[in-house]
Amino acid sequence: MRWYKESIVYQIYPRSFNDFNGDGIGDIRGIIEKLDYLKGLGVNTVWLSPIYDSPLDDMGYDISNYYDIHKDYGTLDDFKEMLSKMHERGIKLIMDLVVNHTSDEHPWFLEAKKSVDSPYHEYYIFRKGKNGKKPNNWKSFFGGSAWEYNEETDEYFLHLFSKRQPDLNWENPKVREEVKNILRFWLDLGVDGFRCDVINLLSKKEGLPNAKGLPILGARGIYIDGPKMHDYLQELKRDVFSKYDMFTVGECVLINSKTALSYIEEGIDELNMVFHFEHMNADCFYTKWLPRKFKLRRLKKPLSKWQYDLGDKGWNSLFLENHDQPRSIDRFGSLEYRNESAKMLATYIFSQKGTPYIYQGEEIGMTNAHYTTIEQYKDVETLNMYKTLRRFFSEKKTMKMVQRASRDNSRTPMQWNQNKNAGFSEGEPWLEVNPNYKDINVSDSIKDEDSILNYYKKYIALRKKHPVFVFGDYREHYPKSNKLAYYERNYQGKKLLVICNFTSKELKFNPIYDLSKYKLILNNYQEDEKHLLPYQAKIYLGES
Ligand code: TEU
Ligand code: CA
């Protein structure tokens, strides 16, 4: 099964993609309307963020029915139609699998919390308090304790995310059977794989011991990459994954390449690849809420490490954006050189070895929301963090932090054209459109030869044409430079040179190879000088 290696994935955040019926919320019919757009871009796989029934406390990452579509998005019939229209166009679909936790409105949890005698009580993780305190010191990823009191049983339940997202008890074989049934249901409908939400949190260490050291970081081996992770994944593989032509990408919190290999190494194949976040610290300390200045080395170092460590043993996933991360131009590129830096960032990340993941809007260079009041934000993490930060900082300082780090930065509606609401919706959008849609939108990008979008198209076409993009091994040059990113890829006698200027100044460099023997196959400028122009990116192809 190698098709996932040749996949170019496009992530759709359905609520903000395209609204068909004018209620201000993106929907499945809206996606169907844009399939030709995706086909034209050249992507061959779509990852759809959750569209299941949900009270939307965490915008769908809190599921109340795994077998149905949220009415905001349409019906199961709409879904089937979308899937078959994707397949007709040679586009595969991977769904989001969110099974570390459910919604607190899932019928299992509604039963579970009623009584310790309920058969569903064991579906979740309930514990008595200790001496009037919470059962242990575990922290939620969204801030505060990971325990919430449940009056009916005089116990606490565990929630590693919002208190409306109780964690499932994977120790319970019934829970694992439920998950397998969910998987089979969607696979039998024809779905081609799953992006597995926070999959490395499933196993909680027996006895639920206190985490030591820093919050969350100290949870490694306790509830991050816990002791039974391999057992659970092996079981899913044995009973489900191995029976279908599909792939999985596991979202793995705080994972390093060594642990990743223990899941994805070829031959083990518990998962096909993982998302890691080490390079997301290039402009912060472990969390976006602790910012620091962007340094290129901090981006290159972890990415190169993963390239070398996975080598030909495991497969990488390549991304700079998703629905949890602010926009990459604001973080690693330049708003002043938006066009050039967006193209450069794409060239840099997607030419490494692995499967590219493009997040909606990245291909037209969308930027952060920068709302001015907290009322404009909708994301639960943002609202929680706002409250926490406000205790320590002024309104102005807090808002600055929110503007920089909020997940809503990448969740603003997709900018299709210059019409009302950027062509996203006829109604009032659920989240405000970024006013820069007059300048940044799909329709104008299609017409402009020099647009980011047209560069993406060219790039994707090249990638499909030359197998060295997919299979070539990776070797980095000038790893210590904070200005230049330069690496080569080699495969079956072909060599690619990928050269990127991460600064707003002209940059001289020694190209190492005699470039006159290479063909310049991609360049984000018309100019081709010896030195690099601001945010210039070039790819050369030659013989090894
Ligand atoms: O995110 C997991 C995750 O690690 C988040 O805590 C992430 O670090 C955070 O969003 C950064 O701000 C996944 C989903 O991608 C996210 O949207 C969900 O909220 C979360 O799981 C819970 O399901
Ligand atoms: Ca709608």
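Small disclaimer: the values here were computed from a predicted structure and weren't measured. Just so you know, ligand 1 is whichever comes first in the structure, and atom 1 is the first atom listed for that ligand.
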Problem set entry | Neighbour count above 12 (heavy atom, 6.0 Å) for Lys163 NZ |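 No, not enclosed.
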Using distance alone, with no hydrogens and no angle criterion, decide if [X] and [Y] have a side-chain donor and acceptor under 3.5 Å apart.
{"X": "Glu155", "Y": "His121", "result": "yes"}
{"X": "Tyr61", "Y": "Asp96", "result": "yes"}
{"X": "Ser443", "Y": "Asn417", "result": "no"}
{"X": "Glu395", "Y": "Tyr386", "result": "yes"}

Problem set entry | Carboxylate-amine/guanidinium contact Asp36 Lys34, below 4.0 Å |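 No, this pair does not count.
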Exercise. Is the ring centre of Phe161 less than 6.0 Å from the ring centre of His101?
Worked result: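 For Phe161 and His101, the ring centres are under 6.0 Å apart.
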Aromatic plane relationship, [Y] with [X] - under 30° parallel, 30 to 60° tilted, over 60° perpendicular:
{"X": "His106", "Y": "Tyr66", "answer": "tilted"}
{"X": "Phe294", "Y": "Phe332", "answer": "tilted"}
{"X": "Phe17", "Y": "Tyr10", "answer": "perpendicular"}

To which protein heavy atom is [atom] closest, and what is the distance rounded to 0.1 Å?
{"atom": "atom 23 (O) of ligand 1", "answer": "Asp197 OD2, 2.7 Å"}
{"atom": "atom 10 (O) of ligand 1", "answer": "Arg407 NH1, 2.8 Å"}
{"atom": "atom 15 (O) of ligand 1", "answer": "Asp324 OD2, 2.5 Å"}
{"atom": "atom 1 (O) of ligand 1", "answer": "Glu251 OE2, 3.1 Å"}

Structural part of [X] in contact with ligand 1, heavy atom criterion under 4.0 angstrom:
{"X": "Arg411", "answer": "side chain"}
{"X": "His101", "answer": "side chain"}
{"X": "Phe277", "answer": "neither"}
{"X": "Glu381", "answer": "side chain"}
{"X": "Arg195", "answer": "side chain"}

In ligand 1, which numbered atoms sit nearer than 4.0 Å to a non-hydrogen atom of [X]?
{"X": "Lys288", "answer": "11 (C), 12 (O)"}
{"X": "Phe142", "answer": "19 (O)"}
{"X": "His323", "answer": "14 (C), 15 (O), 16 (C), 17 (O)"}
{"X": "Asp58", "answer": "18 (C), 19 (O), 20 (C), 22 (C), 23 (O)"}
{"X": "Val253", "answer": "4 (O)"}

Problem set entry | Test side-chain contact (heavy atoms from CB on, under 4.5 Å) applied to Ser257 and Glu278, Lys305, His276, the passing residue |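 Answer to the side-chain contact (heavy atoms from CB on, under 4.5 Å) test with Ser257 among Glu278, Lys305, His276: Lys305.
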Exercise. Looking at Phe109, Tyr149, Trp147, which one forms a side-chain contact (heavy atoms from CB on, under 4.5 Å) with Phe157?
Worked result: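 Result: among Phe109, Tyr149, Trp147, Phe109 is the only option passing the side-chain contact (heavy atoms from CB on, under 4.5 Å) with Phe157.
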Nearest to the Ca ion (ligand 2), which N, O or S atom of [X] do we find?
{"X": "Asp19", "result": "OD1"}
{"X": "Asp23", "result": "OD1"}
{"X": "Asp27", "result": "OD2"}

For this session: Taking both backbone and side-chain atoms into account, decide whether Tyr73 has an N/O/S atom under 3.0 Å from the Ca ion (ligand 2).
Result: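 No, since none of the N, O or S atoms of Tyr73 sits under 3.0 Å from the Ca ion (ligand 2).
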For this session: Confirm or rule out an N/O/S atom of Gly30, from backbone or side chain, lying less than 3.0 Å from the Ca ion (ligand 2).
Result: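 So Gly30 does not bind the Ca ion (ligand 2) by this criterion.
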For this session: Output yes when a protein non-hydrogen atom is found under 4.0 Å of atom 6 (O) of ligand 1, and no otherwise.
Result: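 Neighbour list for atom 6 (O) of ligand 1 includes protein heavy atoms (cut-off 4.0 Å).
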